[in-house]
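Input: a single structure, listed below in C-alpha cells.
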Amino acid sequence: CYAPMAKQISVIGDFNNWDGSQNIMQKVDYRGLFECFIPGAKEFQKYKLHILGCDNFIKDKQDPFAFCNEVRGETCSILLDIDQIHVDDAEFVSKRDRNFDRPVSIYEFHMGTFKRRADGSCYNYSELADIMIPYLKKMGYTHVEALPVTSYPNDASWGYQTLGFYAIDTRWGNAYDFAQFVEKMHRANIGVIMDFVPVHFALDPYGLEKFDGSCVFEYSNEHEFSQWGTKNFDLGKDPVRSFLISSLTYMEDKFHVDGFRFDAVSNIIYWDGNADKGENGGAVEFVKRANGYMHALYPSVMMIAEDSSAYGHVTRGQFDDGLGFDYKWDLGWMNDTLKYYGKDPVYRKYCHNQLTFSMAYFYSENFMLSLSHDEVVHMKGTILNKMWGDYDNKFANVRNLYAYQFAHP
C-alpha cells in the first residue's frame, strides 16, 4: 500500500473478523510503502484498508491495487488469485499489429446495455461475447471498444468515474469472465480496445480521495476538482504516473487487450481542459511516458487519443515533439459532418466546405473517424434523428453517411 502520510494502516476483512487491531501493516520504505502478510487468507474473501490518516481521522478504504471489488452499492475489495487468469490467444497476439496499413472498423459498446435478458438482468462478459460475435462478424467489424470496464461506483457515469483501476467491474462478472470475453473475441479474429480514464476519479469516501488524509492522488490546489465534479489526478507526481501506467501494463499482461483509448485528452493537455489556462506540462509528460512505455513493452498495442483540442503532434513520436499516440479521434470531422447531414439538401450546396474541410488537416495526424456514444447521450438524439427529413429520408441519409464514413480516407 502506498500512503506516505498515513500514521497507521491495518488490513481488515473476513479473515480477521474485521478487527483493525490485527494485521497491522509495516512501513517498509521511507517514501510511504506499507506491507503485511496474512496467512490463511482465501480467494474471494472481502477486505479493506483501515487507515489512520495524517488528519487523525480513521477511514476504511478500498485497496487501490485490488484486482476485484464488490459490485456497486457495496464497498469492499475482494481477494483474487490473478495467477489463475489465462487468455489462450497466442496465435492472434503473434499476428496483430497497430493496423496502420489495414482497414479498421470499431464497434463501441457498453457492457450493460448492448443486450439484456428478458427479465432485465445483464449477461456476464463471457455470455455477451457469444451474443456479440455473430453480429460483429456479419457487420465486418475488426475491433470492439468497451466503455470502461474497470470498477466504478455510479451507474450513470458509464464507467468514466473509476475507482478501481486494476479491478474488472463486477456488474458483469469478474476478471475470469472478462478473460473469456477477450479470448472469444480473439478466436473470432476481433480485437478488443479498452477505454482508459487517467484524468479524474470518483469522490466516494472509500476510494482514492484524501487516501491517507492528504492529497496522495489528486492536486492540492485550485485544480483539485474536475469539470465533472470528480477529482483530477495529479499527473505530475511520479507515484501517480506509476499507478496509472502500471494499470495499463496489468491489463495488457493479464488480458492481452489490443488497444487503449485515453479519455478526455484535452483535459490532460490543458489545465481544466481550457487552452487559455495554459499547458499542463506534468500531465503532458505523463502521456508521453505512458505511450513510450507501452510501445516499448507491447509494440503491437494501439494507443488512441480522444482529443477535442487543436494541440499539434498528438500522433507523432516523442522525439518529434509529439505525444506518442498511434491514432486520434477526428472530432472535427464528426461535428462538421453531422451538421451537414442535418441540413435540408436545398441548402447543402452552400456548406459543402463542411465535408471537404477534413482533408485540409487530414494528413497532420493519424485520424480515426468517430461517431461515438458522446454524440447521442444527454438527450442529444440518435444518429438517425440528427438527419434531415421525414422517416424514410432519415434512413436514406444515415445509409449515405455510413457509406461516406467508410469511403473517407
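Note that the numbering runs from 1 along the sequence shown for the chain. Heavy atoms only: backbone and side chains are in, while hydrogens, waters and symmetry mates are out.
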Please check this pair: side chain of Asp169 against backbone of Tyr152, looking for a donor-acceptor N/O pair closer than 3.5 Å. yes
May I ask you to check whether over 12 heavy atoms, not counting those of Phe44, lie within 6.0 Å of atom CZ? yes
Please confirm whether the ring centroid of Phe233 lies under 6.0 Å from the ring centroid of His223. no
Going by side chain to side chain donor-acceptor pair (under 3.5 Å), name the residues that satisfy it together with Ser105, two or more places apart in sequence or in a different chain. none
With a 4.5 Å limit on heavy-atom distance, are the side chains of Ile304 and Lys328 in contact? no
Examine distances only and state if a side-chain atom of Asp330 and a backbone atom of Trp333 form a donor-acceptor pair shorter than 3.5 Å. yes
Ring centres under 6.0 angstrom apart (Tyr250, Phe67): yes
Are the side chain of Glu224 and the backbone of Glu218 linked by a donor-acceptor contact shorter than 3.5 Å? no
Could you check whether Phe92 and His256 have their ring centres less than 6.0 Å apart? no
Taking only Lys NZ, Arg NE, NH1 and NH2, and the carboxylate oxygens of Asp or Glu, determine whether Asp336 and Lys339 approach each other closer than 4.0 Å. no
Quick check: Phe367 with Tyr361 (ring centres under 6.0 Å apart)? yes
Under 3.5 Å side-chain donor-acceptor pair for Tyr340 and His352: yes
To the nearest 0.5 Å, what is the distance between CE (Met334) and CD1 (Ile383)? 8.5 Å
Looking at CE of Met294 and CG of Asp326, how far apart are the two atoms once the value is rounded to the nearest 0.5 Å? 10.5 Å
Quick one: CH2 on Trp329 to CZ on Arg261, what's the gap to the nearest 0.5 Å? 4.0 Å
Centroid-centroid under 6.0 Å between Phe100 and Tyr327 rings: yes
